[in-house]
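What you see below is based on every heavy atom in this structure, not just the backbone, and it leaves out hydrogens, waters and symmetry mates. By convention in this document, chain letters (A, B, ...) are assigned in the order of the sequence lines, proteins followed by strands, and residues within each chain are numbered from 1.
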Number of protein chains: 2
Amino acid sequence: MTPQKLTETLRQKGICPTAQRVAVYEYLLTHRTHPTADTLYHALVKDNPSFSRTTVYNTVHVLAKAGLIRVLTIDADEQHFDAFMGEHGHFWCACCEKLFDFSLSADTASSLVSDGFLVETSDVYATGVCPACQAKVKK
Amino acid sequence: MTPQKLTETLRQKGICPTAQRVAVYEYLLTHRTHPTADTLYHALVKDNPSFSRTTVYNTVHVLAKAGLIRVLTIDADEQHFDAFMGEHGHFWCACCEKLFDFSLSADTASSLVSDGFLVETSDVYATGVCPACQAKVKK
DNA sequence: TAATACTTTTGTAATGATTACAAATCTGTT
DNA sequence: AACAGATTTGTAATCATTACAAAAGTATTA
């Protein structure tokens with residue numbers, strides 16, 4: 001996505017496209033690594049020495065409220081952020097403590113709607129051991 | 001579940017059934033309200049003045065590791081605990097800030113297994129507005 | 001029953017992610 | 001250029017959770 005397109009997307013959602021917000025959103029779109037606030041801060045302060053942690057939190061809240069990113073709470077210690085909004089789940093490996101995406105068959109929230117809930121976000125989380133860590137243990 | 005049965009269940013999982021652990025597990029089994037550590041503490045300290053917050057955390061970790069309860073991270077502010085282990089999802093109402101159960105059609109984790117992940121826990125979370133709060137707004 | 005080793009509980013103190021807040025800066029409009 | 005409103009920034013506070021070590025409890029052995 002070009003910087004112009006990014007700016008346009010933010011504007012369409014009624015978000016003033018400041019340099020900081022564009023930087024955060026662009027980082028999340030180009031790094032599908034589910035970074036934490038701290039990771040975002042360290043990555044972006046390099047290009048903008050006055051960049052602050054508070055701005056990270058302000059920005060991700062604004063983006064999440066607009067539905068442009070997800071806030072992942074699978075890790076109780078730290079929030080992780082994800083700008084990939086396609087239907088997918090998240091897997092937390094208890095061994096290497098990394099977050100993985102996994103494909104999701106389909107209609108997770110369908111029963112919710114039928115129960116009268118108005119759904120704004122939905123997430124599928126799983127924990128366990130990832131393939132790489134399973135292989136390590138077997139050695 | 002009788003106290004004897006509770007004790008037996010803990011023992012079967014290799015957990016020493018101390019009075020505190022039985023109390024926590026019993027509270028969770030009889031209150032399907034997804035309490036927080038603080039709620040558990042205040043409820044149980046009444047019957048045992050020396051009961052401590054640390055014991056709440058110790059105990060829920062032990063129970064969760066044994067697969068007897070779930071630790072819910074849907075609320076980023078506080079962990080919630082749930083001893084009902086049947087397949088169901090959790091809904092967080094952004095309006096009244098309450099947690100609801102919802103029924104789940106079926107095979108959430110099936111695609112995960114096919115990708116080689118070893119699944120230990122899985123949870124489906126959704127947020128939005130519950131039926132009661134929708135009715136309130138419409139008035 | 002007493003002695004011993006081991007587990008669990010308890011209270012206090014530390015940790016650290018997140019939020020509160022107000023001053024400074026930026027943005028868009030006249 | 002000046003103004004009002006929004007955003008950013010740095011610092012200080014908040015508060016759930018964890019670390020830790022002493023005290024209490026539990027089980028095992030003789």
Side-chain angles (χ1 to χ4, degrees), chain A residues 6-8 10-11 13-25 27 34-66 68-81 92 94 97 99, chain B residues 6-8 10-11 13-25 27 34-66 68-81 92 94 97 99:
Chain A
L6 274 180
T7 298
E8 183 57 25
L10 293 179
R11 231 186 270 280
K13 291 283 183 179
I15 298 168
C16 185
T18 64
Q20 289 90 337
R21 286 169 173 175
V22 171
V24 168
Y25 189 37
Y27 185 93
H34 319 98
T36 63
D38 198 58
T39 304
L40 278 168
Y41 170 71
H42 280 108
L44 299 180
V45 77
K46 285 179 190 165
D47 294 330
N48 175 4
S50 77
F51 191 68
S52 96
R53 277 192 166 77
T54 303
T55 298
V56 175
Y57 287 105
N58 287 341
T59 301
V60 292
H61 291 163
V62 167
L63 296 176
K65 183 171 267 186
L68 292 173
I69 68 169
R70 298 169 191 247
V71 179
L72 307 178
T73 60
I74 189 172
D75 172 11
D77 290 345
E78 277 177 293
Q79 296 173 192
H80 295 250
F81 307 102
W92 174 260
E97 305 197 329
L99 255 180
Chain B
L6 274 181
T7 298
E8 184 55 28
L10 293 179
R11 231 186 269 282
K13 292 283 183 177
I15 299 169
C16 186
T18 64
Q20 290 90 335
R21 286 168 173 176
V22 171
V24 168
Y25 189 36
Y27 184 93
H34 319 99
T36 62
D38 199 57
T39 303
L40 280 167
Y41 170 71
H42 281 109
L44 300 180
V45 78
K46 287 178 189 165
D47 294 329
N48 175 1
S50 78
F51 190 69
S52 95
R53 277 192 167 76
T54 302
T55 299
V56 175
Y57 286 106
N58 287 342
T59 302
V60 293
H61 290 163
V62 166
L63 296 177
K65 183 172 265 185
L68 292 173
I69 68 169
R70 299 169 190 247
V71 179
L72 308 179
T73 61
I74 188 172
D75 173 9
D77 290 345
E78 277 177 293
Q79 294 173 193
H80 295 250
F81 307 101
W92 175 259
E97 303 197 329
L99 255 180

Kindly indicate, with the supporting measurements, whether the criterion side-chain contact (heavy atoms from CB on, under 4.5 Å) is fulfilled by A/F81 and A/V24.
CA-CA 10 Å; A/F81 307 102; A/V24 168; over 6 Å; no
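- Shown here for B/F51 and B/V45, the closest heavy-atom pair between the two residues is O-CG2, 3.8 Å.
- Bending across the helix from C/dT1-D/dA30 to C/dT30-D/dA1, expressed as the angle between its end axes from five pairs apiece, amounts to 30° (10° rounding).
- The two atoms that bring B/L10 and B/V22 nearest to each other are CD1-CG2, 3.8 Å, heavy atoms only.
- Taking the side chain as every heavy atom from C-beta outward, A/T59 and A/L40 never approach each other to under 4.5 Å.
- Between B/I15 and B/R11 there is no side-chain heavy-atom pair separated by less than 4.5 Å.
- Closest of all the heavy-atom pairs between B/A64 and B/V71 is CB-CG2, 3.8 Å.
- Between B/L68 and B/V62, every side-chain heavy-atom pair lies at or beyond the 4.5 Å cut-off.
- B/R53 is linked by a salt bridge (charged side-chain N to carboxylate O under 4.0 Å, His left out) to B/D38, counting only residues two or more places apart in sequence or in another chain.
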Dump every N/O contact between nucleotides 15-19 of chain C and the protein below 3.5 Å, one line per pair.
residue	atom	partner	partner atom	Å
C/dT18	OP1	A/Q79	N	2.9
C/dT18	OP2	A/Y57	OH	2.5
C/dT18	O5'	A/Y57	OH	3.3
C/dT19	OP2	A/H61	NE2	3.4

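- The span of DNA chain D lying next to chain A, judged by atoms under 4.0 Å from heavy atoms, is bounded 5' to 3' by D/dT7 to D/dT11.
- Nucleotides of DNA chain D nearest to A/I15 and B/P17 differ in position, and the one nearer the 5' end is that of A/I15.
- With sequence neighbours excluded, no residue forms a salt bridge (charged side-chain N to carboxylate O under 4.0 Å, His left out) with B/R21.
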Determine whether A/S50 and A/N48 satisfy the following criterion, side chain to side chain donor-acceptor pair (under 3.5 Å), listing intermediate values before the conclusion.
CA-CA 6 Å; A/S50 77; A/N48 175 4; 3.2 Å; yes
How far apart are the C-alpha atoms of B/W92 and B/L72, what are their side-chain angles, what is the distance that settles it, and do they pass the side-chain contact (heavy atoms from CB on, under 4.5 Å) test?
CA-CA 11 Å; B/W92 175 259; B/L72 308 179; over 6 Å; no
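- Scanning both residues, A/A76 and B/Q79, for their nearest heavy atoms gives CB-OE1, 3.7 Å.
- Taking the nucleotide of DNA chain C with the nearest heavy atom to each of B/S52 and A/R11, the more 5' of the two is matched to B/S52.
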Using a cut-off of under 3.5 Å, enumerate the N/O to N/O pairs linking the protein to nucleotides 22-25 of chain C.
none

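- Heavy atoms only, all atoms of each residue included: A/A43 and A/Y27 are closest at CB-CE1, 3.4 Å.
- Counting non-hydrogen atoms under 4.0 angstrom, A/T18 reaches the backbone sugars and phosphates but no base.
- Heavy atoms of A/N48 sit under 4.0 angstrom from primed sugar atoms or phosphate atoms, though from no base atom.
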